[in-house]
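Right, one structure below, let's go through it.
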Amino acid sequence: MKSVFDCAFARNVRVADAAGEYSARAFIRPLSLTKPETPTHSCAGVADGRRWLLIMEPLELSGKVTVTDGDREYVLLRREMIGGGNHIEGLLCLKAGGADAG
């Protein structure tokens with residue numbers, strides 16, 4: 001039986017944690033469609049409060065985790081194993097200083 005992560009809408013991502021780097025399949029979507037689509041600029045600098053929902057195939061992760069999708073690098077803020085180890089759901093933010101930061 002095929003996994004939901006085998007569908008054409010899932011993306012190939014690179015996941016890095018304290019133990020190493022892995023390839024995985026995941027869905028990434030904006031958490032809010034009402035927030036600005038780009039970072040905001042102020043006299044204090046660039047502020048990017050956008051967040052993304054991550055649904056990813058199960059991996060054993062430890063320490064700080066980053067997820068890279070193409071040229072976008074995200075920091076995994078929190079994660080939870082769902083469905084008895086069926087998949088991971090998490091919250092992402094763009095890594096500071098990334099290509100989309102300004």
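Computation of the quantities below employed the complete heavy-atom set of this structure, encompassing side-chain atoms and omitting hydrogens, waters and symmetry-equivalent molecules.
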Is there a side-chain contact between E57 and S3 in this structure, where contact means two heavy atoms from C-beta onward sitting under 4.5 Å apart? no
Please examine the side chains of L76 and L54, heavy atoms only from C-beta on, and report whether any two atoms are closer than 4.5 Å. yes
Same hydrophobic cluster for V75 and W52, using side-chain heavy-atom links shorter than 4.5 Å among ILVMFWY? no
Shortest non-hydrogen contact from A18 to G63? CB-CA, 4.3 Å
Between SG of C7 and CZ of F27, what distance do you get to the nearest 0.5 Å? 4.0 Å
Identify the heavy atoms of A19 and S62 that sit nearest to each other, and give their distance. N-OG, 4.2 Å
Backbone of L61 reached by a side-chain donor or acceptor of R79 within 3.5 Å: yes
Does the side chain of L92 reach to within under 4.5 Å of the side chain of L77, using non-hydrogen atoms? no
In short, side chain to side chain donor-acceptor pair (under 3.5 Å) pairs touching residues 80-94 with sequence neighbours left out are H87-E89
Which pair of heavy atoms, one from L59 and one from A24, lies closest together, and at what distance? CD1-CB, 4.0 Å
May I ask you to test the L91-L31 pair for a side-chain heavy-atom distance under 4.5 Å? yes
Rounded to the nearest 0.5 Å, what's the gap from CZ on R51 to OH on Y74? Could you check? 12.0 Å
May I ask you to test the R29-I55 pair for a side-chain heavy-atom distance under 4.5 Å? no
I'd like to check E73 versus L94 (side-chain heavy atoms, cut-off strictly below 4.5 Å). Are they in contact? no
Sequence neighbours excluded, every pair satisfying side chain to side chain donor-acceptor pair (under 3.5 Å) that has a member inside residues 7-16: R11-D69, N12-R25, R14-E21
Give the cluster check for L53 versus F9: same hydrophobic cluster or not, with ILVMFWY residues linked at side-chain heavy-atom distances below 4.5 Å. yes
Can any side-chain N or O of D17 pair as donor or acceptor with the backbone N or O of V65 at less than 3.5 Å? no
